[in-house]
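Everything quoted here is computed from the prediction, not taken from an experiment. Just so it is clear, the values below take in all heavy atoms, side chains as well, and ignore hydrogens, waters and symmetry mates.
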Amino acid sequence: MLFEEVNPEKLDLITLVGDVKELDSLDDDKINEINDHLLVESFEEFLRKFSPTIYSYYNAANQKVVYTSKRPEGVPNDGITEIKLNENNDFLKMLFTLIDTKKSQGTENVDFKFENILDMISPKKVMEDIKQVRKEINYLYSKYEDLDDEDPKKLDLGDKLNIKFEEASQNYNNVLGMLPLAIEDIKTRLLLGGSQEDSEAEEIQIGMLTMGDDGELKILEAPKEEEKALAERGEEQRNALVEVFEEDYEEITENPTGYVKDLVVRTFAPISTPKTDIDVEKEVQNYNNYLEFYKNTKDDFVKAAKPLIEKLLGIKMFFEQYETKNNNMKPELLVTNSKPEMLVKTNNKPRLETFLNTVNAKNNFAETIWFGIVPNIELDASNKVQTRRQRFKGTNKTKKAKGNTLETLTAILDLCKDYKVQVFFNFEANENTTFNDMATKGVDKYIEKSKMLTNQEYSEYAVPCLPNFTVIPKDKSGVVLDSKMLYENEGVVLSKAEEDILKLWLEGVYIDASYVAAGLVAAYQCPDYLRERFRKVSTSYPGVRFDIESGDNALKATTTLAKEISGFTNVIKGSINRNNFGFVFSSENNQLDGKLIKRITVYKARSLGMTDDIFDSIYKTIMSTYIERMLRFKTSDFKEDKIIKFFSNNPKSQKSEWISNKGYVNSILQEGDDINYNIDPESNLCQLDLAFNGNVKNLEVEITKSSAD
């Protein structure tokens, strides 16, 4: 269960559960309705169900574009533009490409060429995608025109063309979406499509290569008739496409303009010869204005969209940890779509409690919530020295997005403990919580901040995850958009002056560690996932007893993310090993069977529960929850006679079965493990002693007496 809001316009858990007065649980229809809206089993399904959106509108008073993650109130709907954050969004597409490229290269952050991928959101790269669409449209249209009207192949091509035209037309009403087109269009017309560095405008005359009287090579201006013939070749098809695009633009666009219509036509059905009647000075002015406006609006968009985009990256990484060919136990994610603080408010908490009681307090485990994710817990920054005046330009003091508080986390943990939900959480993802930071400063600040969560009834259900993952480091997050254009000596050039290069800074992009930790733990519950990585795996059991810290387990069950740094120093590793704190990721130089491990691995997997002043491995809580649920199920809610049978020496008893199936990486009982019980008839309690390689964990259940007693 993800305790996070994604799209406030969509339904959320609080709304769907509704009034629970005098209700102990929800009916099956209500659970099905909640699942229909909030439960997803892939990132693609998540995007379809939640449709994460950024909203924009134009403020004529200050000539600015305003972006917001919530639909702005007081602005008419026809004045709002919705920007869908999906796999077609250029910013998200760039981030996904970057993550995949790093994974395939296995390159550390210090050596990775971030600028090569960041370039994807520059106007010229956006235009490359559009040119690909243009190529496909021209190809399909030429085949379409060659076929008879009733030919089934023509109708199929018509369907494909409709899809391609839909892609092309998505930005007709979005002037901002047209800006990269306009910027590259002006460069193409004024600089004749030459290289960005060396292009200068010059007159063009269509010519022909000939030999002179003395055999010398000459390029002579083509006769008008031949020039006309050259231009007419293929023009029929182009003219037909021009008409289609003109009609499409006029039909779809609310406020069509001649300039944008010509821009659309030039983009998707370019003319073969350039026009000579260009107002060069005006076009240069337009180009510089467009570029400046594009830079400023893109900057504002990134500031508004980045918190939401980082959530999307986290959710994508949750699902990506299940890296297996089979999908027999694919992790599912229930997104509350409510802010965590809203869920634990006094008037809303009973709704969350009733929902958890419905799905976790029954012997039907199909809907059971095993794990929770609470990302982005606020971490107090170190106190900065206050200065009386700003003598030099310093860090931009933009207001950062508010994170979740420790108070909210404790309220969630206090409720989740009653329903055996283990909660993965992390402190806010920024440059102060990365691998780089932890490699130099260690884990002390995480331990200090988590102190209030230790020695509590819910401590074993609290799993702090660290450090966070870096997609783009803050100091390498600059994107060169383009250079300003100069009009001089009746020619046009791109400026080479440093101040004329327009650059956009993304200020770093990060992934909350809790998504990756929860995704990995959910993944290795699946026997098929384990079978692809280990030799001895039982298909009968989940991975509840799998200890990722043991042996080479962490080197076989790695994350899908590439290493970020060369590793932690021995001093830092010594500190981590002494404290045994948290679910700690590692970016070490490791090898297994002669092969280098280029992925980030798990170094520690501990909760805040403690035994003998040592933080417990998370599998102990998962394992004890599994045994308690199995015991409840097999004994019909802890019936005394069935409990005795459960633990008997009979070869068919559950305990005997577990003992006889030791030796698998996911055996319920490993070597050195044992499980015993003691029934106290006076208190009606059954004491369970779970021994994990010598460490004992106690469980207590209330037994049900048979009717004969």
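Summarising the geometry, atom NZ belonging to Lys503 is positioned 13.5 Å from atom CG belonging to Asp482; distances are rounded to the nearest 0.5 Å.
Defined by atom type and a distance below 3.5 Å, a donor-acceptor pair is missing between the side-chain atoms of Asn376 and Asn426. For the residue pair Glu367 / Asn35, a side-chain donor-acceptor distance below 3.5 Å is found, with atom types taken as modelled. Using a 3.5 Å distance cut-off with no hydrogens or angles, the side chains of Ser51 and Lys84 do pair a donor with an acceptor. Counted by atom type alone, Gln285 and Glu281 present zero donor-acceptor pairs between their side chains at under 3.5 Å. For the 3.5 Å distance criterion, the side chains of Thr560 and Gln321 qualify, holding a donor opposite an acceptor.
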**Request:** Given salt bridge (charged side-chain N to carboxylate O under 4.0 Å, His left out), test Glu45 with Lys49 step by step and report yes or no.
**Result:** CA-CA 6 Å; Glu45 185 183 8; Lys49 281 191 177 181; 3.4 Å; yes
**Prompt:** Between Thr297 and Asp300, does a side-chain hydrogen bond (donor to acceptor under 3.5 Å, both in side chains) hold up when you go through it step by step?
**Reply:** CA-CA 5 Å; Thr297 53; Asp300 291 339; over 6 Å; no
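Formation of a donor-acceptor pair under 3.5 Å by the Lys311 side chain with backbone atoms of Glu5 is found in this model. In terms of modelled atom types and a separation under 3.5 Å, the side chain of Asp512 and the main chain of Pro375 share no donor-acceptor contact. In this structure, Asp299 contributes its side chain and Lys295 its backbone to no donor-acceptor pair below 3.5 Å.
At a threshold of 4.0 Å, the pair Glu320-Lys316 counts as salt-bridged, since one of the basic side-chain nitrogens sits closer than that to a carboxylate oxygen. Ion pairing between Lys93 and Glu87 fails under the 4.0 Å rule for side-chain N and carboxylate O. A salt bridge links Glu184 with Lys187: at least one charged nitrogen is closer than 4.0 Å to a carboxylate oxygen. Between Asp156 and Lys160, none of the side-chain N atoms (NZ, or NE/NH1/NH2) sits under 4.0 Å from a carboxylate O, so this pair counts as no salt bridge. Contact check on Glu507 versus Lys303 returns no salt bridge, with no Lys/Arg side-chain nitrogen under 4.0 Å from an Asp/Glu carboxylate oxygen. A salt bridge links Glu82 to Arg71: one of the charged nitrogens lies within less than 4.0 Å of a carboxylate oxygen. One finds a salt bridge joining Lys30 and Glu33 here, because a Lys/Arg side-chain nitrogen approaches an Asp/Glu carboxylate oxygen to under 4.0 Å.
Evaluation of the side chain to side chain contact (heavy atoms under 4.5 Å, CB included) rule for Leu147 yields Asp151, Lys153, Lys154, Leu157 as partners, not counting sequence neighbours. For the ring-ring contact (aromatic ring centres under 6.0 Å, His included) test, residues two or more places apart in sequence or in another chain that qualify with Phe301 are Tyr67. Partners of Lys102 according to the side chain to side chain donor-acceptor pair (under 3.5 Å) rule, which considers only residues two or more places apart in sequence or in another chain, are Asn109.
Pairing each heavy atom of Tyr510 with each of Gly508, the nearest pair is CE1-C, 3.7 Å.
With a 4.5 Å cut-off on side-chain heavy atoms, Ile54 and Thr68 do not count as touching. Proximity of Leu334 to Ile34: side-chain heavy atoms (C-beta onward) are separated by under 4.5 Å at one or more points. Counting only heavy atoms from C-beta outward, the side chains of Phe43 and Leu333 never approach each other to under 4.5 Å. Looking at Asn468 and Ile511, their side chains never come closer than 4.5 Å, going by heavy atoms from C-beta outward. Glu341 has its side chain out of reach of Asn348: every pair of non-hydrogen atoms, C-beta onward, lies at least 4.5 Å apart. The closest side-chain heavy-atom distance from Leu2 to Phe318 is not below 4.5 Å. At least one side-chain heavy atom of Glu250 sits under 4.5 Å from a side-chain heavy atom of Lys261. When side chains are defined from C-beta on, Lys330 counts as touching Tyr322, because their heavy atoms get closer than 4.5 Å.
Remark: Glu498 CD is loosely packed, at most 12 non-hydrogen atoms of other residues, nucleotides or ligands lying under 6.0 Å away.
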